**Q** 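Provided herewith is a single structure, encoded as structure tokens, for subsequent inquiry.
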There are 2 protein chains.
Amino acid sequence: MSLKYAVLAALLEGEASGYELSKLFDVSFANFWASTPQQLYRELERLERDGLVRARVVRQERRPDKRMFSLTESGRRDLETFAAAPPKRPTAIRDELMIKIQAMDLDGVDPEATCALVEERATWARAKLDRYARVRERLLGGRTEEEFLRRADRIGPYLTLMGGIAFEEENLRWCERVLAVLRSRAALS
Amino acid sequence: MSLKYAVLAALLEGEASGYELSKLFDVSFANFWASTPQQLYRELERLERDGLVRARVVRQERRPDKRMFSLTESGRRDLETFAAAPPKRPTAIRDELMIKIQAMDLDGVDPEATCALVEERATWARAKLDRYARVRERLLGGRTEEEFLRRADRIGPYLTLMGGIAFEEENLRWCERVLAVLRSRAALS
DNA sequence: TTGCCCATGTAACTTGTTACATGATTGT
DNA sequence: ACAATCATGTAACAAGTTACATGGGCAA
């Protein structure tokens, strides 16, 4: 139900193809709404059928044709209504690593293996933070954060990005605390 | 695929009924693996059929019968294998509020309404933190964190709880920053 | 020459959600 | 009297995942 609104919100940035949206959902949108390219293509079909989005075919040379999607007036109105209404469902998280941590104390589980998993997570978190930093610079466009937040027309995308950055930073801190604990326990035995 | 392991990991705490598991998934497990009671009942059926879990019917007076589930040896081994293997899928988050924030700059969206949504989120975050604090006290059982992390047999559940607490604290800080921004913009116009 | 990028899609399958049903007990 | 708690479940539906297919361009 909400992937619909995630797509509409993504199209606020302007016209985009399914492929471009799938890239966007891989970087910034992934922080709060996970989805695969297949889901997006399916959703776009539905949104077009329902008149919330319109498609324009762009012929390309030496590249497959692409369909550029944009919001219709009715899509925009629907999104406005959604944006002011209270959320229907609580935030859902699905993080396999945490299940593995929950079960790490089992006899058959090598603490070294657990360490490796946490280190991998930390590496990913750092990579994500790097990408966010670049997106942030682009959004700020030379202004300071304070200046931007006071004057810019659209601050929504910046506020969600702030959320993503804070989340990954916290993630990284957690990884480091866990690694410190695991290492000091390894030293004891 | 991983709800399976989330359930097995939950049963590490000991025998539990479907109902009790659904309570657990509502409090601590919800931080990293969301699921509804109906999913749990279905999953438990499957796990029993596959021999990873065994059920024992407990007759009760003045209460419906209940089925208490516990891990079998093969369930435990399966969980051990899972715990040491790298995650198959990246962490997925689905947070409606963030979509609403992303779209908040639309003309038809009242900034007051957006504020109210963020305040509600902050209230929930505080309530969650309260509950986590109680779970934490129970786990520590009077010891300090340092002492606990050095000597306890099972630290997995504490580490995931630490993650949940850090996540909610960050959430709350984000809410407060957003509210400060929204209020100072409201004062300007 | 292997593999990734662009660009879209179909089909089969697995998960997750929602609404409903039962029925006694306990608390306000 | 009404709602919540305990305790489980069915059925219908919506959403998400995985594997596969197409086919030229481009870089190491």
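The model shown is predicted, which means the values in this text are computed figures rather than measured ones. Just so it is clear, the values below take in all heavy atoms, side chains as well, and ignore hydrogens, waters and symmetry mates.
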**Q** For C:dT8, does either OP1 or OP2 sit under 4.0 Å from a side-chain N or O belonging to A:Tyr19?
**A**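 No, outside the criterion.
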
**Q** Could you check whether the rings of A:Tyr5 and A:Phe82 sit parallel, tilted or perpendicular, using 30° and 60° as the cut-offs?
**A**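 Because their plane-to-plane angle is under 30°, the rings of A:Tyr5 and A:Phe82 count as parallel.
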
**Q** Find the distance B:Glu20:CD to D:dT5:C1' and express it as a whole number of Å.
**A**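 That distance rounds to 13 Å.
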
**Q** Side chains of B:Ser35 and A:Arg94: any donor to acceptor distance under 3.5 Å?
**A**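 No, B:Ser35 and A:Arg94 have no side-chain donor paired with an acceptor closer than 3.5 Å.
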
**Q** Assess the residue pair B:Leu172 and B:Leu129 against the criterion (side chain to side chain contact (heavy atoms under 4.5 Å, CB included)); give the C-alpha distance rounded to whole Å, side-chain angles, the decisive distance to 0.1 Å, and a yes or no.
**A** CA-CA 10 Å; B:Leu172 195 52; B:Leu129 283 170; 3.9 Å; yes

**Q** Could you tell me how far apart B:Leu40 (CG) and D:dA7 (P) are, to the nearest whole angstrom?
**A**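 Rounded to whole Å, this separation is 15 Å.
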
**Q** Within this structure, what is the CE-to-P distance between B:Met1 and D:dG16, rounded to whole angstrom?
**A**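 The distance from CE of B:Met1 to P of D:dG16 comes to 19 Å, rounded to the nearest Å.
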
**Q** What does the B/S/- profile of nucleotides 17-25 of chain D look like, 5' to 3', with a 4.0 Å heavy-atom cutoff to protein?
**A** BBB---BBS

**Q** Whole-Å distance between C:dT10 P and A:Leu44 CG?
**A**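 Rounded to the whole Å, the gap is 13 Å.
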
**Q** Using a cut-off of 4.0 Å on non-hydrogen atoms, how would the nucleic acid contact of B:Ser17 be classed: base, sugar-phosphate, or nothing?
**A**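 Here B:Ser17 touches the backbone only, sparing every base.
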
**Q** Where the side chain of A:Ser17 meets the backbone of A:Lys66, is there a donor-acceptor pair that is under 3.5 Å apart?
**A**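 Side chain of A:Ser17 to backbone of A:Lys66: no pair is present.
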
**Q** Whole-Å distance between D:dT10 P and B:Arg46 CZ?
**A**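 Whole-Å distance recorded here is 13 Å.
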
**Q** Is there a side-chain contact between A:Tyr41 and the phosphate of C:dT8, meaning an N or O under 4.0 Å from OP1 or OP2?
**A**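 So the side-chain polar atoms of A:Tyr41 do come within 4.0 Å of the phosphate oxygens OP1 or OP2 of C:dT8, strictly under.
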
**Q** In whole Å, I'd like the distance from the NZ atom of A:Lys23 to the P atom of C:dT8.
**A**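 Rounded to whole Å, this separation is 12 Å.
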
**Q** In whole angstroms, how far is the P atom of C:dG9 from the CG atom of A:Asp65?
**A**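 Going from CG in A:Asp65 over to P in C:dG9 covers 10 Å.
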
**Q** So, for B:Phe32 and B:Phe167, is the gap between ring centers shorter than 6.0 Å?
**A**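 Judged by ring-centre distance (under 6.0 Å), B:Phe32 and B:Phe167 do not meet the cut-off.
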
**Q** Decide if atom CZ of A:Arg154 counts as having more than 12 heavy atoms of other residues, nucleotides or ligands within a radius under 6.0 Å.
**A**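 Buried by this count: over 12 neighbours within 6.0 Å.
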
**Q** Mind calculating the distance between CG (A:Leu47) and P (D:dA14) to the nearest angstrom?
**A**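 Whole-Å distance recorded here is 16 Å.
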
**Q** Near A:Gln60 CD, under 6.0 Å, is it more than 12 heavy atoms from other residues, nucleotides or ligands?
**A**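 Enclosed: over 12 neighbouring heavy atoms sit under 6.0 Å from CD of A:Gln60.
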
